[in-house]
Structure formats: structure tokens, C-alpha cells
A.B. asks: 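Okay, here's the structure, questions in a sec.
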Amino acid sequence: MKYPSKVKLVDVGPRDGLQNEKAPVPAAVKIELVHRLQDAGLTEIEVTSFVSPKWVPQMADNAEVMAGIHRKPGVRYSVLTPNMMGFDAAVLSKPDEIVVFAAASEAFSQRNINCSIAESIERFRPVVAAAKARNIYVRGAISCTVGCPYEGEIQPERVELVARLMKDIGVQHIGVADTIGVGTPLKVQRAMEAALRHYAINDVSGHFHDTYGQALANTLAALEMGIWQFDASSAGLGGCPYAKGATGNVATEDVVYMLQGMGIETGIDLDKLIDAGKFISDFLERKPNSRAATALLNKRAG
């Protein structure tokens, strides 16, 4: 079987990974995490989100974090912008990419952003146009592509619908997300196939949560299709505030360990990546939620 020879990973730890932490994480710590990730070789980092601090208080320091980063040439810094108000605030911080998000589940869309799927896409239309006018790359994320905490299993047709709507408003890339981590390899492949009806293989990525321990298997299933871009989160940080019991994103360390073992190039230094994950885990006073990091840290200690 022919796998991609290289894989690009987007570390979403600073944004998706930290957004649900109850205790405030200081801007200086978030900035240091970004610096450590880029020093480890990450070239795509999702830094923060420009959303109402009422809904996501952890991201209230978005402008401060973006201003504090020492930008490294060749690294793309992205931010989440759910509407024009968020976009107008984000533009001042000069992001390289913005991310808009819609769900493949009507119930999730209503609970998460208080509107229907169709309404959410219309809300993004002016955001996408404004970003492209400023030469800012636009990535879209489709959440709940295989399962929803309210609706249960999601059919691939729903994923195709959202992909088509995103394509219609000019979104350049889409991530197929298993937000609550219920996906298994064949279901994930069907969701990917649905997205690929409207987007080229180079414009589709995977975003898998590890709630049921399936994230690496799902990553491998996507690799088998030729997908070569994935989101991951250092130390396996993160969850979803609207999906009860959903554990973190797949750990970047675990994905890198698997890819290195397959001879697939990532450009990432695993030891430095583990140090970055340990840094943020130590601050949060918990162990990294990464099997590879745990094993290699134990080996170091031995």
C-alpha cells in the first residue's frame, strides 16, 4: 500500500487544546507553548480564537498572545473566527490563516453556535470574502462528521452537504473532524470520501479525538486514502465543551511516533515535541495524555 511520503501536522494545542481549561492559562504560558512547538519543527500552529470571552473566557487574551509570538519564517499561524466581529478583531493581529467551523449535525450546530447549519454558513460568507480580499488563507472545519452527542450517528451525505456549502462560499481547505471521538476507520473513510466529492485531496485534512482510543487507527485509515494533513494536539490536550465526556485530540507525539515508524517525513523533532508537551502538562499539573510521550519520558528517567 502506498502511503504519503510526507505529512503536515497542524498543532491545535494552544487553541483547541486549552480552550476548555477551567483555570486561566496566562498569555505568557500560551506564547511559550507556541515557541516550543515551532522550535520542534511545527510549521502550522492554531494559536487562539477570536470568540466572545463570555463563551470562551480562556481565549480572552487572544490579541496579547498573537502580539507576543516571535514569528518564525515558514510557520503559518491560524486563528478561529466565527463571525465578522471576530474577524475584524483577528485581522489586527495579522494571522496567516483563519478557521471557520460548521457542524454536520443540526442539533450540534444549534447547541454550539445557536443557529442552523445553513445559517452558520451564511454567517461565514462575509468573513471568507473579507479574508480572501486581504490574502488571508481560509480553512474550514466540519465538526461531528461521524457522530454527534445529540443526534447519534451522522451520515456521509451530511458531510457532503457541508463540504459543498463551504466550497460555495470560497473556503479553501476543509478539515473533517470526529469531534467526540466515536469514529472508527471505515466510518471515517466514508466521511472523507464525502468531503473529497467537493475538495481535492490536497485540500482535505483529518481531525480526530481519541475518546474511544480510535484516533491513530482513524489517522491510518485516512493515510491509506492519501490524506496527508492532520490536526493534532501536543500532550493530547483538549476536548469539546458541547460534547460531554469527549477526551482530547489525538496527541501530536503519538501521531509523530507512528509516522516516523512508517518512514513518513514530518519535519518534527520528537524529543523537542515531547518537551513542549511536558512544559504545558507541568503547568496544568497533570501528565501528558500521550502514550508515546509517557513511554519516552519514562525511558529518559530510567
Side-chain angles (χ1 to χ4, degrees), residues 10-22 24-27 30-31 33-34 44-69 71 76-144 162-163 165-175 177 179 207 231 238-243:
V10 180
D11 199 297
V12 299
R15 198 281 302 173
D16 198 8
L18 294 177
Q19 67 177 1
N20 304 319
E21 290 295 328
K22 296 285 180 280
V25 179
K30 294 171 184 167
I31 291 163
L33 176 59
V34 171
E44 302 266 345
I45 302 171
E46 198 170 283
V47 179
T48 186
S49 60
F50 285 80
V51 293
S52 166
K54 187 174 79 172
W55 296 112
V56 188
Q58 189 65 259
M59 298 286 124
D61 58 3
N62 42 35
E64 187 186 347
V65 172
M66 286 295 281
I69 294 167
R71 300 196 182 200
R76 189 152 64 170
Y77 304 91
S78 58
V79 301
L80 208 72
T81 56
N83 50 38
M84 273 313 290
M85 191 186 286
F87 176 79
D88 288 340
V91 163
L92 303 174
S93 71
K94 297 185 168 53
D96 301 302
E97 174 183 89
I98 60 152
V99 185
V100 295
F101 56 94
S105 149
E106 283 292 354
F108 193 85
S109 187
Q110 290 289 354
R111 301 276 186 109
N112 194 359
I113 49 176
N114 304 313
C115 66
S116 69
I117 294 170
E119 284 168 342
S120 73
I121 299 288
E122 281 311 306
R123 209 179 270 180
F124 298 140
R125 189 184 289 278
V127 177
V128 175
K132 290 172 90 171
R134 288 173 174 80
N135 228 5
I136 300 171
Y137 193 80
V138 183
R139 180 157 55 96
I142 308 179
S143 55
C144 296
V162 182
L165 293 172
M166 283 204 170
K167 187 80 173 175
D168 287 349
I169 62 165
V171 172
Q172 292 159 283
H173 175 107
I174 52 163
T179 311
H207 176 113
D231 293 352
C240 177
Y242 301 95

A.B. asks: Please enumerate all residues that pass side-chain contact (heavy atoms from CB on, under 4.5 Å) together with Ala107, with sequence neighbours excluded.
C.D. replies: Ser105, Tyr150, Glu151

A.B. asks: Taking C-beta and beyond as the side chain, do Gln58 and Val25 meet within less than 4.5 Å on heavy atoms?
C.D. replies: yes

A.B. asks: Backbone N or O of Ser78 within a donor-acceptor pair of the Glu46 side chain at under 3.5 Å?
C.D. replies: no

A.B. asks: Do Met85 and Asp88 come within less than 4.5 Å of each other through their side chains, counting heavy atoms only?
C.D. replies: no

A.B. asks: Could you give the distance from CZ (Phe124) to CG (Asn83), rounded to the nearest 0.5 Å?
C.D. replies: 8.5 Å

A.B. asks: Does the side chain of Glu106 come within less than 4.5 Å of Ser116's, by heavy atoms?
C.D. replies: yes

A.B. asks: Could you pull out the closest heavy-atom pair between Ala102 and Val162, with the gap in Å?
C.D. replies: CB-CG1, 4.0 Å

A.B. asks: Report the distance from atom NZ of Lys94 to atom CD1 of Ile69, rounding to the nearest 0.5 Å.
C.D. replies: 13.5 Å

A.B. asks: Please check if the number of heavy atoms outside Asn114 that lie under 6.0 Å from its CG is greater than 12.
C.D. replies: yes

A.B. asks: Only one of Val79, Val128, Val100, Ile98 forms a side chain to side chain contact (heavy atoms under 4.5 Å, CB included) with Phe87, so which one is it?
C.D. replies: Ile98

A.B. asks: For residues 47-61, which residue pairs qualify under salt bridge (charged side-chain N to carboxylate O under 4.0 Å, His left out), counting only residues two or more places apart or in two chains?
C.D. replies: Lys30-Asp61

A.B. asks: For the atom pair CD (Glu64) and OG (Ser93), what is the distance rounded to the nearest 0.5 Å?
C.D. replies: 12.5 Å

A.B. asks: Say you draw a straight line from CZ of Phe101 to OG1 of Thr81; how long is it, rounded to the nearest 0.5 Å?
C.D. replies: 8.5 Å

A.B. asks: Does some side-chain heavy atom of Arg71 sit less than 4.5 Å from a side-chain heavy atom of Asp96?
C.D. replies: yes

A.B. asks: Grab the two heavy atoms, one from Ile31 and one from Gly68, that are nearest each other, plus how far apart they are.
C.D. replies: CG2-O, 3.5 Å

A.B. asks: Over all heavy atoms of both residues, which pair between Ser109 and Ala103 is shortest? Give the atoms and the distance, please.
C.D. replies: N-CB, 4.1 Å

A.B. asks: Under 3.5 Å, side chain of Asp11 to main-chain N/O of Ile45, donor-acceptor pair present?
C.D. replies: no

A.B. asks: Within a radius of less than 6.0 Å around CE of Met84, do more than 12 heavy atoms belonging to other residues, nucleotides or ligands occur?
C.D. replies: yes

A.B. asks: When you compare the side chain of Met59 with that of Arg15, does any pair of heavy atoms fall below 4.5 Å?
C.D. replies: yes

A.B. asks: Using the test side-chain contact (heavy atoms from CB on, under 4.5 Å), find all partners of Asp231 that sit at least two apart in sequence or belong to another chain.
C.D. replies: Val10, Val12, Arg139, His207

